[in-house]
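Written out below as structure tokens is the structure these notes cover.
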2 protein chains.
Amino acid sequence: MSFRTAFQPIIDKPEGKPGVLFYDDNAVIIEDKYPKSLRHYLVIPRHATKTHDHPLVAFDDDSEFYTLTKKYVDKCIDLVVSSLLRQFPDATPDTFRPFIQVGVHSQPSLSNLHIHVMTRDMWSPAMKHKKHYNSFATPFFVPFARLEPRESTDDSDDDNDNNVGGGAANADAWLKTGLRCCYCGTDFKNSFVGLKKHLDKEFRRKYGGLGGDLDDLRPNQ
Amino acid sequence: MSFRTAFQPIIDKPEGKPGVLFYDDNAVIIEDKYPKSLRHYLVIPRHATKTHDHPLVAFDDDSEFYTLTKKYVDKCIDLVVSSLLRQFPDATPDTFRPFIQVGVHSQPSLSNLHIHVMTRDMWSPAMKHKKHYNSFATPFFVPFARLEPRESTDDSDDDNDNNVGGGAANADAWLKTGLRCCYCGTDFKNSFVGLKKHLDKEFRRKYGGLGGDLDDLRPNQ
DNA sequence: GAATCATAAC
DNA sequence: GAATCATAAC
């Protein structure tokens with residue numbers, strides 16, 4: 001049961017902890033220990049009670065908390081971009097900014113509130129099975145922007161696919177749905193191996209020619 | 001479909017074929033290409049029509065064919081024993097003779113009539129899954145002795161478990177039944193890995209102390 | 001990691 | 001060999 005609070009020690013005392021990229025009184029930014037994309041960081045608010053809220057309700061009626069958290073999300077995006085620019089000298093920030101996704105799991109495994117900030121390549125040796133993939137490539141992954149509190153109660157513009165209010169309802173179904181390429185939408189049904197091979201091609205198309213050495217990035221496990 | 005007749009070329013022309021241990025006009029004796037025990041040979045009658053008979057009916061009302069085939073089965077047993085004696089100098093023929101099982105599959109994969117002659121250790125890297133094991137360790141495997149034609153029509157002594165007459169009926173069920181050690185009967189349910197580890201122990205108890213080097217016998221794949 | 005399914009099956 | 005299930009899950 002204790003694995004669910006794996007982030008608590010980092011929240012309590014981020015100093016010197018492995019993977020910590022940044023921290024202040026409000027938040028910690030860490031590298032995901034099992035990154036599911038080339039870059040995969042986490043923003044972890046340090047708020048004593050919000051940390052125990054479900055991500056789909058933590059920002060409800062709390063614009064202040066959303067705005068504060070967004071500041072760290074933006075900082076995290078900057079960290080992802082600058083890290084990639086060091087690896088790909090011919091790229092520009094615009095190469096990567098539209099390619100970064102920010103959001104939360106509608107059923108998080110770890111209970112402390114955390115926001116994923118990651119490139120949308122899903123190219124990683126830690127991406128090992130369908131549930132991993134679908135948790136980031138379907139509406140199981142809820143964009144952070146959709147968590148922004150609204151003044152109006154009129155939700156006629158809402159995209160019901162994401163269904164933030166009762167968003168955990170269809171979560172299991174999304175994890176089991178057919179595998180679709182997050183670049184082009186090609187349907188790989190249940191063929192995870194087929195998807196992985198295709199993602200490798202898409203990755204090389206996306207990241208090739210940016211001055212980096214893709215062979216350095218080969219999976220090491 | 002052609003794999004089913006894989007033995008036909010050996011029947012037609014055994015000369016110089018790999019794995020052939022003996023042949024004359026009536027039969028060929030070969031090493032099973034995927035041995036499921038330390039020793040696993042096959043007796044293949046060369047009779048032009050009998051070779052296409054199902055093993056559970058090939059010997060019906062044909063004592064002569066049974067007697068002829070038994071001669072080659074006995075020869076095959078001698079070959080197994082002499083081969084083992086070369087490997088285990090401290091053993092005697094009686095170490096192995098009661099430990100050899102002779103019989104047929106009630107649903108053979110290969111269509112040419114063949115009789116299995118094998119040690120009852122099931123210790124082999126080619127023994128890879130439940131169906132392999134149960135095909136030799138349950139009544140799916142029909143002892144050759146039970147195929148001997150009888151004068152009498154009184155079958156009150158028959159063991160209905162083997163049910164030679166309609167023997168293929170429960171064949172699929174036997175392949176799926178729980179895994180039981182062929183030495184001691186211990187039930188391993190569906191744990192093939194558990195069974196394999198136990199068989200390794202039984203093997204070392206049976207074959208240890210016979211002057212051979214068991215380390216030479218370690219699986220090579 | 002291991003059992004199951006599909007494939008190959010000796 | 002690969003998908004599934006169970007386990008672990010960052």
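Numbers restart at 1 for each chain; the letters A, B, ... are given by sequence-line order, proteins then strands.
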Would you mind writing out the side-chain donor-acceptor pairs for residues 95-102 of chain A within the sub-3.5 Å range, not counting sequence neighbours?
unit_1, atom_1, unit_2, atom_2, d
A:T95, OG1, A:T92, N, 3.0
A:T95, OG1, A:T92, O, 3.0
A:T95, OG1, A:T92, OG1, 3.4
A:R97, NH2, A:D78, OD1, 2.7
A:Q101, NE2, A:F136, O, 3.0

For residues 10-20 of chain A, please give each side-chain donor-acceptor pair under 3.5 Å, one per line with the distance, not counting sequence neighbours.
unit_1, atom_1, unit_2, atom_2, d
A:D12, OD1, A:Q8, NE2, 2.9
A:K17, NZ, A:P9, O, 3.2
A:K17, NZ, A:K13, O, 2.7

Quick one: side chains of residues 175-187 of chain A, donor-acceptor pairs under 3.5 Å with protein atoms, not counting sequence neighbours, listed by atom name and distance.
unit_1, atom_1, unit_2, atom_2, d
A:R180, NH1, A:G185, O, 2.9
A:D187, OD1, A:K189, N, 2.8

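For the ring-ring contact (aromatic ring centres under 6.0 Å, His included) with B:F140, the qualifying choice from B:H132, B:H105, B:H116 is B:H105, the only one to do so.
A:Q87 is linked by a side-chain hydrogen bond (donor to acceptor under 3.5 Å, both in side chains) to A:R39, counting only residues two or more places apart in sequence or in another chain. Residues satisfying the salt bridge (Lys or Arg N to Asp or Glu O under 4.0 Å) criterion with A:K70, sequence neighbours excluded, are A:D74. Considering only residues two or more places apart in sequence or on other chains, B:K130 meets the side-chain hydrogen bond (donor to acceptor under 3.5 Å, both in side chains) condition with B:N190. For B:D121, the side-chain hydrogen bond (donor to acceptor under 3.5 Å, both in side chains) partners are B:S37, B:T119, B:Y207, not counting sequence neighbours. Scanning for salt bridge (Lys or Arg N to Asp or Glu O under 4.0 Å) contacts around B:R86 gives an empty result, with sequence neighbours left out. Take A:P55 and apply the side-chain contact (heavy atoms from CB on, under 4.5 Å) test, not counting sequence neighbours, and it matches A:V104, A:P108, A:L113.
A stem is defined here as three or more consecutive Watson-Crick or G-U pairs, each with both distances under 3.5 Å; DNA chain D has none.
Between D:dA2 and D:dA6, the two P atoms lie 22 Å apart (nearest whole Å).
As rounded to whole Å, 13 Å separates atom C1' of C:dA2 from atom CG of B:L179.
Looking at residues 72-83 of chain B, you'll see that no heavy atom sits under 4.0 Å from any atom of DNA chain C.
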Protein-proximity profile, nucleotides 3-10 of chain D, B/S/- by nucleotide at the 4.0 Å heavy-atom cutoff, equals SS----BB
